[in-house]
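Written out below as structure tokens is the structure these notes cover.
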Amino acid sequence: MSLSTRGAEAAPLQVTGPAFPAAIRVVDSHTEGEPTRVVVDGWPQPAGRTMAERRERLRREFDHLRASVVLEPRGHAAIVGALLTPPVEPGSAAGVVFFNNVGYLGMCGHGLIGVVTTLHYLGRLGPGVVRIDTPVGTVGAELGADGAVTIENVPAYCHALDVAVEVPGLGRVVGDVAWGGNWFFITHLPGLSVELPNLDALYRATRAILAALREQGITGKDGAEIDHVELSAPPRRADADCRNFVLCPGGEYDRSPCGTGTSAKMATLHARGELALGAPWRQESITGSLFHGWLTAGPAGLVPHIRGRAFVTGEATLRFDPADPFQGGLVP
Ligand code: PYC
């Protein structure tokens, strides 16, 4: 029997649709448990003078690549992707747009730590400080001699303290609205333990809060959509100040303590007079991993610093067979 099945009799059906490259090369890592997939080759560069323009071009022209790189069968719903671009600001080494199972992020703290660790792994970056442009501003990252990465995030701020939202099944929930590179509603629900065996209940509660925020028109500044919900809880680790559960926009939870979420949390603590400039904040995730954070004062406001570690878990060449019914990913 011949293994060749390509007979002249069966010309493949030609379906026109979005164009896929033959291959895209990626490097996978996790940052304190949360996965990042950095695209290192094969994805056409989006045009645009700013990173926000490039993110928009990605949304309009290359969304099929986002889905095919992140989703099953090549990935899974929790992966955050990172597309590297040339920089847009003088003094920056690169630009990056982060994306996930449903769309695009402003900034991504765990993702930036993953990007720096990946660039080091590829031999493109040594220990020291780099500036990287994102759609919400330029951020800094320092790779330490021990392999840990410290990011200097975009300025964070607390938009509103003690905002009440009526949530079906939960009643009146009070929380803070804060920016840390993405928009967060940060609250705590006594009686709901932040433990992995309790994931179903945590998903139900945070998804209900997110839906109620949308229905009741509770937003960030200038009507910006709040797309992350963060629950704070007492720490389990002796070396942590707080444990969290963070629901991300695609409906998945952050396995890391969430860099932008920790930034937003520190801004709310500062607004309450509970975290001084320079004071350490040790944020534990639901998986038990830890970010070290602190705030400094910058010309544009509070600058969050987050330190954590990422580990490379694999390298892959993704293929896009035109005959594959799931060439563009298993889109839910
Ligand atoms: O670390 O900022 C973060 C983040 C956002 C979504 C997933 N991780």
Side-chain angles (χ1 to χ4, degrees), residues 28-38 51 55 66 70-71 75-83 96-118 132 134-141 148-157 178-186 202-203 206-207 210 220 224-232 242-268 281-287 289-293 295 303-311:
D28 287 342
S29 62
H30 77 83
T31 303
E32 307 294 354
E34 178 75 349
T36 307
R37 173 165 281 181
V38 181
M51 292 310 297
R55 177 176 58 175
R66 174 194 62 74
V70 161
L71 297 179
H76 57 83
I79 289 183
V80 170
L83 179 70
V96 64
V97 180
F98 294 107
F99 49 93
N100 68 5
N101 52 336
V102 293
Y104 301 83
L105 295 163
M107 227 302 274
C108 183
H110 94 268
L112 188 65
I113 294 171
V115 164
V116 169
T117 302
T118 294
I132 298 185
T134 79
V136 293
T138 300
V139 295
V149 177
T150 304
I151 66 170
E152 188 184 291
N153 198 0
V154 292
Y157 60 94
W179 169 257
N182 294 299
W183 280 105
F184 288 81
F185 183 79
I186 306 174
L202 290 162
Y203 270 137
T206 49
R207 286 173 184 162
L210 195 62
E225 182 188 353
I226 297 168
D227 56 4
H228 292 71
V229 175
E230 178 168 346
L231 302 182
S232 300
C242 177
R243 185 172 170 94
N244 70 14
F245 172 88
V246 177
L247 180 76
C248 298
E252 280 291 321
Y253 74 97
D254 197 330
R255 280 75 168 153
S256 84
C258 191
T260 52
T262 301
S263 300
K265 174 75 182 177
M266 292 194 296
T268 65
W281 180 255
R282 299 160 308 170
Q283 183 68 60
E284 180 184 4
S285 71
I286 186 172
T287 63
S289 57
L290 196 77
F291 277 160
H292 291 264
L295 294 170
V303 180
H305 303 256
I306 306 284
R307 192 169 72 239
R309 295 163 313 157
F311 300 90

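Both counts, for ligands and for their atoms, begin at 1 and track the order of listing. Everything numeric here is computed off the predicted structure, so don't read it as measured data.
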Original post:
What's the verdict on side-chain contact (heavy atoms from CB on, under 4.5 Å) for Phe184 and Lys265, showing C-alpha distance, side-chain angles and the deciding distance?
Top reply: CA-CA 9 Å; Phe184 288 81; Lys265 174 75 182 177; over 6 Å; no

Original post:
Which is it for Leu295 and Trp281 under the side-chain contact (heavy atoms from CB on, under 4.5 Å) test, yes or no, and what are the steps along the way?
Top reply: CA-CA 9 Å; Leu295 294 170; Trp281 180 255; over 6 Å; no

Subject >> Partner residues of Asp227 under the salt bridge (Lys or Arg N to Asp or Glu O under 4.0 Å) criterion, sequence neighbours left out >> reply: none

Original post:
Which atom pair, heavy atoms only, marks the closest approach of Ile306 to Gly259?
Top reply: CD1-O, 3.8 Å

**OP:** Might you list the protein residues in contact with ligand 1, defined as having a heavy atom under 4.0 Å from one of its atoms, sorted by chain and number?
**Re:**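 These residues qualify: Glu34, Cys108, Gly109, His110, His228, Cys248, Asp254, Cys258, Gly259, Thr260.
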
**OP:** List the steps and the verdict of side-chain contact (heavy atoms from CB on, under 4.5 Å) for His305 and Phe291.
**Re:** CA-CA 10 Å; His305 303 256; Phe291 277 160; over 6 Å; no

Original post:
Are the ring centres of Tyr157 and Trp183 closer than 6.0 Å?
Top reply: yes

